[in-house]
Amino acid sequence: MTLKQALISGCALALLSVEAKAQEQGAPTEAPQPAAPAAPAPAPSNMRKITGKVLDALTNDGLPLTRVIIKGTTKGVETELDGSFSLDIPQGPVTLLFSSQDHKDREVVVGASRDTVTVSLDATFVEEMVVVGRASELARKHLANSVASVNNEDLNRAPAATVDQALQGKVAGANIQSNSGAPGGGMQLKLRGVSTVNGSSAVLYVVDGVLISDVAIASGVYQLTESVRGSNPSATQDNQVNRIADLNPNDIESIEVLKGASAAAIYGSKASNGVVIITTKKGKAGAPRVDVTQRVGMYSLSNTLGSRPFTSRDQVVERYGEEVAAQYWTGRNFNQEALLAGRRDISYETLASVSGTSGDTRYFASAMVKDDKGIIQNTGYQKQSFRLNLGQKLGSDVEVNASANLVHTLGNRGLTNNDNTNITYYMGLASTPSFVDLRANGAGIYPSNPFVSSRANPLQTAALMTNDEDVWRLLGSADAVWNVYKSETQSFKVLGNLGVDRFQQQNKVFSPSTLAFELPLDNLPGTSLQGSHEVLNLNTGVNLVHNYKPAGGGVNATTSAGFQYEQSGVDSLYVMSAGQIADQPNVSSGTQLRVRQNRALVRDRGFYLQEEMLLMDEHLTLVGAVRGEQSSANGDPNQLFFFPKVATAYRFKPFHPAVNEFKVRLAYGETGNRPTYAQKYRPLSSTNNIEGLPAIIGSGVAGAKDLRPERQREFEVGVDTMLFNGNAVVELTAYQRNISDLLLPRTIPGSTGFTTEFANGGEMFNRGVEAMLQVTPVRNDDWEWTSNTTFTLNRSQVTSLPEGDVRIPVFGTSLGEFRLQQGASATQIVGDLVQEDGTTLLRKIGDAEPDFRMGFNNTVKYRDFSLSFLLDWQQGSDIINLTRFLYDANKNSVDYTTRGIERQTMSLTDAAAYVEDATFLKLREVTLSYNLPASLLSKAPMVKSARINISGRNLLTFTNYSGLDPEVSNFGNHPIARNVDVAPFPPSRSFWTSLDVGF
């Protein structure tokens, strides 16, 4: 039995056992068998029977105990536990009234010819609860900050490989872009612009109270490609995956995005880039529910670059000479990109879950098996996940919850992005003419490629080389709530939590000696790379929450305080072996070995105090909080840094019949971005020697003793309104984020034994506008149309640089690079311009920040049919297109004879030649669903619901960008150096057919 088969079997057995136990505990004991029910009495001739089901509009779950009444009468029924009902109604058209606690009432006209009806009820908008602290929450109508929420239905309308991919285009204020088209993720989520230059750019993810790691660890393939050689010695060019990709999006109940310091200050020095709070599904009251989903689909290449066409032998002779024409020209041209990335193998995803309650126990268990086939041979993404969430009441005052999530992923990443050895796929294709046949012969032997300096044949590399990333991860959390005291006016409770995030990532890269580039590369045929990375995050805390609400109702005050301890550690070990004897993949089989290890451990301690008050009959909200924090990453680990926040909101009384809610809000908050481990602690290297003797030598980089977190201060003002009984919701927010104490390198005297020191200095700001408009222009018993539009605009500016301009090196100013300059945008691209007198002028030639971003999310329902689609529009943003530069340099671009020569000539004097506009409009998601009618489901025992879906992702892209995809980042999740296109993994679109069945 394979590992995958064992995991699938174990998950299935666990789910079945949980369901069986719940049914056993929920069944009556020693109860006599009921007699067969008597046949129902026939309805009077002037009456008819109607059956139906009432659903929650967000979750699509049945709503129990919903009151269904014939309008104008008192006659009605309540729905069963699954939301179904049966009611005798008069002949002819009838209006039914539906009402349920925490949901909006709804009237539905049932036509004379209809005998079934399915109704969806919306949750009451103003009662949606949102997390505002470590242990407290407020109804959305009282919020004094902008907090974006995404529910399970919006998140999972179309299958997505990762959580961040599923969020694209759905959150105002968020810029979410993929770094390449490689399967298995590699995304960057950026909230409200650039917040750092050399600090961590990762968003803080909190899953069920666990502060999880989203670290992106390089595979080590840079040791083979030598991408770190040259102007940018960074390991971030390995097209690595950020580990939020491990989560199963289908397990998520809701996501809340704290976009700025005024909302996220309670998380201190980890919250500078925003906080994403993820809540997974829990068991709900009612009978056990089993849901099974089976998806089948495929990925296909969505765009190609093309190459220079050759239509005659004379053209080949003119470009390459007579010898090449005689050897290779046959009158045929080959689509090299289609041969490389034209795979369309079947992918699948299987999901199963069981949830419910049994006595005082709530449970939710899920299993997932996913296998996405990449469009290039030996690429793909596999994931197996098992989750168990349990909640238990211990008497009337104590409740405990526990969660465990075991995940295994295997990503086959291929060989892409920049390299200095000319072996990655598109680095080879850039110089390969279209008339060369790179395919294997009948014996399976691939020809070497004489048009590449390394002799690399991209088709052979894809077929024989492996670049695998294997991850095992365990996420665990436990929390307990003790209601110490409760009266009519006061309550006091104690909450404790513990979270563990432990994963091991293994990277295995094997390049056999039969690859054409292996011998020319280093004269040592065969290369094996192995990386082993262990990551452990721990967090624990105790929180005290007191609520005071006197009988008069004039005040509702919640006071919370707590203490947290957090620890994060990474241990990475890389081993590279060259000259593999007999092509054995073990690193011990090589003739030359190199070893590299990196370790980091950071411990944080913090406490907070927060007060939330609702005054003036709950029309006025006041929130104040402060967090104190110590971290071993700071220069002085015992120094306390404080991060305050204050916020207020006022809800006006309705002043117009069309206005249900109108609220203005104002907030201020501070967060930080702690120094990275390598900025404080001096890295040591043993690769050098002193006078021939081996020695451990410092790298030349020192950490300042007074190093402290970057400081972010944010002001936010906004307006929220709900109109026409919830059929229109508007949110508008403006903000300014002032960032000081930037972590920047500075030159120090060599007499100190170092050349560079990281220290605090420099200031910048971001200011912007966010808007959200949700409308329901059509809603009746047959049709419903809901439209959600988001808008994001951000501008940044550097206001102070004590040490002068700061270079963000890419590949030199002759091709364009990023540079911080006082008074300029933090994301500007600068480049050389050779003037007529021969002098060179450095000037701005682009900016990676978009002019704005918009998302258009629409759902149209007609009876049992539903059509959803999401459009994602980015206006502006510039890209340094060095893939096009490579094709031009090799005289192989598809338009070389018409435009390529002009670009090459221009690039000799103007770096702007290869900077392009990245505006795009993408059809991110589209899903067509059909809910099988109750009359059909009644024929299948135990089946409560069934739905068929046809969906796609990234089906259409409208852009003038000449590269493969305007979403690209050769340098991974770098805070600033994005939008650099160097031989990336090509983009793909996906098509899926799904069947969802509920039991």
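FYI, the numbering just counts along the sequence from 1.
A donor-acceptor pair under 3.5 Å is absent between the side-chain atoms of Asn537 and the main chain of Ser568, judged by distance alone.
The pair Arg157-Glu925 does not meet the salt-bridge criterion, since no charged nitrogen lies less than 4.0 angstrom from a carboxylate oxygen. By the 4.0 Å N-to-carboxylate-O rule, Arg387 lies close enough to Asp251 to be salt-bridged with it. Looking at Lys282 and Asp208, a side-chain N of the basic residue comes within less than 4.0 Å of a carboxylate O on the acidic one, giving a salt bridge. Salt bridge present: Arg362 and Glu399 bring a charged side-chain N and a carboxylate O closer than 4.0 Å.
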Practice prompt. Show your working on side chain to side chain donor-acceptor pair (under 3.5 Å) between Thr196 and Glu710 and close with a plain yes or no.
Written response: CA-CA 8 Å; Thr196 186; Glu710 297 177 333; 2.9 Å; yes
TODO: Test side chain to side chain donor-acceptor pair (under 3.5 Å) on Asn273 and Ser201 and set out the steps.
DONE: CA-CA 6 Å; Asn273 304 301; Ser201 63; 6.0 Å; no
| task | Output, in order, the C-alpha distance, side-chain angles, deciding distance and verdict of side chain to side chain donor-acceptor pair (under 3.5 Å) for His408 and Asp470. | result | CA-CA 8 Å; His408 172 245; Asp470 196 319; 2.9 Å; yes
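Not counting sequence neighbours, Asp419 has no partner by the salt bridge (Lys or Arg N to Asp or Glu O under 4.0 Å) test.
Defined by atom type and a distance below 3.5 Å, a donor-acceptor pair is missing between the side-chain atoms of Tyr677 and Gln679. Using a 3.5 Å distance cut-off with no hydrogens or angles, the side chains of Asn401 and Asp479 do pair a donor with an acceptor.
Put simply, the residue from Arg243, Arg502, Arg473 that forms a side-chain contact (heavy atoms from CB on, under 4.5 Å) with Ser213 is Arg473. The one candidate from Asn239, Asn973, Asn970 that meets the side-chain hydrogen bond (donor to acceptor under 3.5 Å, both in side chains) condition with Asn179 is Asn973.
Taking CD1 from Ile252 and CG from Asn152, the interatomic distance works out to 8.5 Å, rounded to the nearest 0.5 Å.
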